[in-house]
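Here's the structure we're looking at; comments come further down.
We name chains A, B, ... by the order of the sequence lines, and we start the count at 1 in each one. Every value quoted in this text rests on a predicted model; they were computed, and no experiment measured them.
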2 protein chains.
Amino acid sequence: MAASTKSGTGRVTIKTVAADAGVSVAAVSKVLRDAYGVSDALRAKVQASMEKLNYRPHAAARAMRGRTYALGVLLPDLRNPFFADILAGINEALERTQYQPLMGVGQSAHMIEISLIESMIDRQMDGLIMIGPRMPPDAVDEVTRRIPTALVGYYSPLAQQFDTVNDDDIYGAELVVRHLVESGYRRITMVSLTQPLHESVIVHRREIGYRKAMMAAGLSQYIDTVSCPMSPREVLTTIRHLLERRDRPEALFCWTDSVALQAISAARDLGLSIPNDLGVVGYDNTTYCDMAQNSLTSVDQSGQVLGLQAARLLVERIDGRTQGEHFVVTPRLVARGSSRPRRS
Amino acid sequence: MAASTKSGTGRVTIKTVAADAGVSVAAVSKVLRDAYGVSDALRAKVQASMEKLNYRPHAAARAMRGRTYALGVLLPDLRNPFFADILAGINEALERTQYQPLMGVGQSAHMIEISLIESMIDRQMDGLIMIGPRMPPDAVDEVTRRIPTALVGYYSPLAQQFDTVNDDDIYGAELVVRHLVESGYRRITMVSLTQPLHESVIVHRREIGYRKAMMAAGLSQYIDTVSCPMSPREVLTTIRHLLERRDRPEALFCWTDSVALQAISAARDLGLSIPNDLGVVGYDNTTYCDMAQNSLTSVDQSGQVLGLQAARLLVERIDGRTQGEHFVVTPRLVARGSSRPRRS
DNA sequence: CGTTCTACGTATACCGTTCTACGGATCAGT
DNA sequence: ACTGATCCGTAGAACGGTATACGTAGAACG
């Protein structure tokens with residue numbers, strides 16, 4: 001009856017709603033965006049119609065002129081449960097907003113990341129949260145010039161063009177070394193990540209903290225860093241090799257938990273007992289650390305808070321802020337069995 | 001000079017390309033979609049211009065009339081590394097296509113899933129892959145009526161409206177029970193998931209397999225299932241409770257690895273040795289199973305293959321198939337230390 | 001009472017594609 | 001030479017919103 005709109009298909013559009021409510025299309029659009037110049041009466045009328053017709057705005061049409069209300073989230077991979085915490089924080093921050101996070105996985109590969117991000121830009125996403133990006137800094141600059149961006153786990157404290165959220169990785173690494181030294185370990189080796197050599201990558205900062213604390217503890221002669229890629233197989237062989245060395249380290253500081261868990265596994269395979277033959281510490285304090293069979297000492301950086309802040313900053317930036325903000329949380333060491341004082 | 005297009009902004013559109021190549025907009029569009037009626041000469045000319053101008057199609061504009069080339073992937077959560085395997089398979093299948101997966105996390109909550117999917121539909125995504133959806137079957141039906149869908153971990157072998165990809169969960173559970181029985185365990189309890197009672201959920205099938213195999217082994221008097229939600233805390237207390245029972249089970253079959261790892265942890269806390277005091281088996285054969293400290297027997301269902309098939313089926317369906325296809329892989333038990341024959 | 005404001009609504013251009021309908025050219029067969 | 005048929009390319013109407021420019025009515029003001 002009232003369906004005078006000529007639309008052949010059944011789709012409920014802004015036009016249908018306008019017709020039903022007896023107002024103009026523009027008025028409905030205003031209500032949708034709650035823009036200036038709508039009376040309460042009009043708003044009520046329109047909202048009633050939208051409810052009645054079960055109207056849903058067509059995201060693509062919206063994207064042509066306005067917002068998409070979609071935020072792209074770039075994850076390095078899906079294996080590290082730490083990212084789940086970050087995402088929980090992002091979700092929490094966005095829960096009460098209109099924005100919606102859509103994720104892509106970069107597989108820790110520079111080129112995949114780039115093409116993923118290009119596509120997110122093509123899709124007119126309103127903003128981007130990049131977690132631990134592997135791409136080089138000039139690529140990051142290029143991207144952030146084109147789309148509002150917040151980065152988690154990327155250190156660049158002076159940037160104005162984008163915001164960053166980090167824990168204090170140098171301090172976190174220092175906590176680890178100090179803790180190990182206090183527990184009686186001396187020959188502490190860091191297991192790090194083979195990486196492109198730009199300094200924004202957080203692993204780099206953990207290495208700095210490690211060296212700094214080793215020197216402060218008067219252990220500079222024991223400073224020793226080995227690196228390997230992310231793949232489980234290579235991690236395992238690297239660590240096994242390390243543990244079979246004649247001057248086997250007394251403790252390992254692993255740049256991230258999953259590596260530490262592999263270290264525990266390798267140690268067990270070789271018949272070494274933890275912590276007496278080998279102390280192990282990880283980073284991120286993921287859920288697995290707390291299990292009795294791992295009992296892995298780790299550094300907690302509260303992924304939830306990081307995610308929450310990143311989302312908050314991004315929304316602010318979308319709303320117009322142009323100065324950079326750089327949020328840093330102080331990490332906290334959670335001591336467990338894997339680093340208990342050794343019997344001398 | 002040649003920039004006669006009146007576009008004020010710098011964006012390179014199909015119009016810019018058309019002007020540069022000296023052809024019509026429609027011709028460029030044809031090349032883009034490689035549609036019928038383009039000569040090689042024209043195609044070459046247009047492609048040269050696109051290259052030169054670094055043209056990228058505007059996804060939103062495209063979405064208004066045609067495809068978005070985006071596929072929505074719904075994940076239950078980010079904690080289970082098994083999903084990483086599935087996603088790897090999806091990526092592999094889509095690598096050579098134009099499609100791009102964009103993920104959302106449903107947090108294993110019915111309502112969040114629904115709103116996420118609604119938004120994916122609003123965004124005109126071309127198809128949907130839902131992994132282990134928690135929403136009730138009628139909601140699934142409703143969704144699949146509106147958008148081409150492939151489901152992983154959702155059992156509905158007769159459906160025509162959507163495709164499914166599963167491992168044979170009944171058989172997998174049977175494998176577990178048989179293996180445990182062969183290893184000398186009798187009182188085998190299954191730790192399952194508190195769930196809405198629809199039968200499409202795969203946990204349900206694992207329960208069926210468990211019961212079936214227990215009966216076949218003549219152990220029906222020992223059939224015993226306890227359920228708890230996903231949250232780590234509740235899992236832990238449930239299991240602890242179970243292990244402190246007077247008639248403590250000899251072995252636990254946990255519906256998924258993370259629960260099994262918690263079980264190992266709880267057992268250790270209580271001073272029980274594995275496998276002598278307690279056998280433990282998980283499901284999914286995630287990376288953690290293989291670590292020496294866990295050495296967890298599990299059922300491998302090759303997430304990579306599941307993901308690959310799901311993506312393949314979805315693309316077929318988008319291309320017009322209307323019959324349902326239901327892919328099933330045969331799972332494989334990977335025996336490790338946690339279920340080794342017990343000393344009697 | 002006329003003027004100026006302000007608040008509220010409307011009309012409509014525009015965003016960048018897709019795709020149908022159509023026109024002109026070329027070619028094969030009679 | 002005439003008639004289709006085939007091939008290549010163009011014009012232009014959608015698609016469903018946003019946002020600007022503008023009109024109008026009532027209130028406030030001197």
Side-chain angles (χ1 to χ4, degrees), chain A residues 5-47 49-50 53-70 98 119 121-124 126, chain B residues 5-47 49-50 53-70 98 119 121-124 126:
Chain A
T5 348
K6 69 176 168 204
S7 70
T9 75
R11 199 179 213 305
V12 178
T13 78
I14 200 174
K15 236 180 247 172
T16 329
V17 175
D20 183 88
V23 297
S24 76
V25 172
V28 178
S29 175
K30 278 191 182 178
V31 172
L32 245 62
R33 297 172 282 140
D34 52 11
Y36 172 83
V38 236
S39 62
D40 288 354
L42 182 84
R43 188 196 317 283
K45 224 174 12 177
V46 170
Q47 276 170 342
S49 285
M50 294 201 302
L53 301 171
N54 190 23
Y55 167 75
R56 305 206 49 122
H58 189 296
R62 207 168 227 193
M64 300 247 351
R65 311 224 77 224
R67 299 255 172 105
T68 53
Y69 299 101
Q98 298 208 62
S119 130
I121 293 176
D122 292 345
R123 301 205 140 80
Q124 303 286 108
D126 295 335
Chain B
T5 349
K6 67 175 168 206
S7 69
T9 75
R11 198 180 213 307
V12 178
T13 77
I14 201 173
K15 234 181 250 173
T16 329
V17 174
D20 182 90
V23 298
S24 76
V25 171
V28 178
S29 175
K30 277 192 183 177
V31 172
L32 243 62
R33 297 171 282 138
D34 52 10
Y36 173 82
V38 236
S39 63
D40 288 353
L42 183 88
R43 187 194 318 282
K45 226 176 6 177
V46 170
Q47 276 169 344
S49 285
M50 296 201 302
L53 301 172
N54 190 25
Y55 166 75
R56 306 203 49 120
H58 190 297
R62 206 166 228 197
M64 298 246 352
R65 311 228 74 228
R67 298 257 172 104
T68 54
Y69 299 103
Q98 296 208 62
S119 132
I121 294 177
D122 292 345
R123 300 206 141 82
Q124 303 285 111
D126 295 336

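- Out of C/dT17, D/dG12, D/dC8, the shortest distance to the side chain of B/Ser39 is found at D/dC8.
- For A/Leu42, the listed nucleotide lying nearest its side chain is C/dG9; candidates were D/dG17, C/dG16, C/dG9.
- Taking atom CZ on B/Arg33 and atom P on C/dC19, their separation rounds to 5 Å, with Å as the unit.
- Atom CD1 of B/Ile14 is separated from atom C1' of D/dT10 by 13 Å (rounded to the nearest Å).
- Here the NZ-OG distance, from A/Lys45 to A/Ser39, works out to 7.5 Å after rounding to the nearest 0.5 Å.
- With both pairing distances under 3.5 Å, D/dG30 is matched to C/dC1 as a Watson-Crick or G-U wobble pair.
- Between A/Arg67 and the phosphate of D/dT18, there is no side-chain N or O to OP1/OP2 separation shorter than 4.0 Å.
- Residue A/Thr13 places none of its side-chain N or O atoms closer than 4.0 Å to OP1 or OP2 of D/dC15.
- At least one donor-acceptor pair closer than 3.5 Å links the side chain of A/Arg123 to the backbone N or O of B/Thr68.
- Atom-to-atom, CZ of B/Arg123 to P of D/dG16 comes out at 17 Å; the value is rounded to the nearest Å.
- Take the nearest nucleotide of DNA chain D for B/Ala61 and for B/Val23: the residue whose nucleotide is more 5' is B/Val23.
- Across all strands shown, B/Arg56 has heavy atoms under 4.0 Å from sugar-phosphate atoms exclusively, and none from any base.
- For C/dT17, its base never sits under 3.5 Å from the side chain of B/Arg65 at any donor and acceptor pair.
- Between B/His58 and A/Gly22, it is A/Gly22 whose nearest contact on DNA chain C lies nearer the 5' terminus.
- Using a 4.5 Å heavy-atom threshold, the side chains of B/Arg56 and A/Ile121 count as separate.
- Side chain of B/Ser24, nearest nucleotide from D/dA11, C/dA11, C/dT18: D/dA11.
- Rounding to whole angstrom units, CZ of residue B/Arg11 and P of C/dC15 are separated by 12 Å.
- With hydrogens and angles ignored, a donor-acceptor pair closer than 3.5 Å exists between the side chain of B/Lys30 and the base of D/dG9.
- Between the C1' atom of C/dG16 and the CG atom of A/Asp122 lies a distance of 13 Å, rounded to the nearest Å.
- Taking atom CE of residue A/Met64 and atom P of nucleotide D/dG17, one finds them 13 Å apart after rounding to whole Å.
- B/Ser49 OG to B/Asn54 CG: the interatomic distance, rounded to the nearest 0.5 Å, is 12.5 Å.
- Atom OH in B/Tyr36 sits roughly 10 Å away from atom C1' in D/dA5 (whole-Å rounding).
- A sub-4.0 Å separation between OP1 or OP2 of D/dT18 and a side-chain N or O of A/Tyr69 is absent.
- D/dT18 atom P lies 12 Å from atom CG of A/Asp126, rounded to whole Å.
- Just one of A/Leu42, A/Thr16, A/Val23 meets the side chain to side chain contact (heavy atoms under 4.5 Å, CB included) condition when paired with A/Val28; it is A/Val23.
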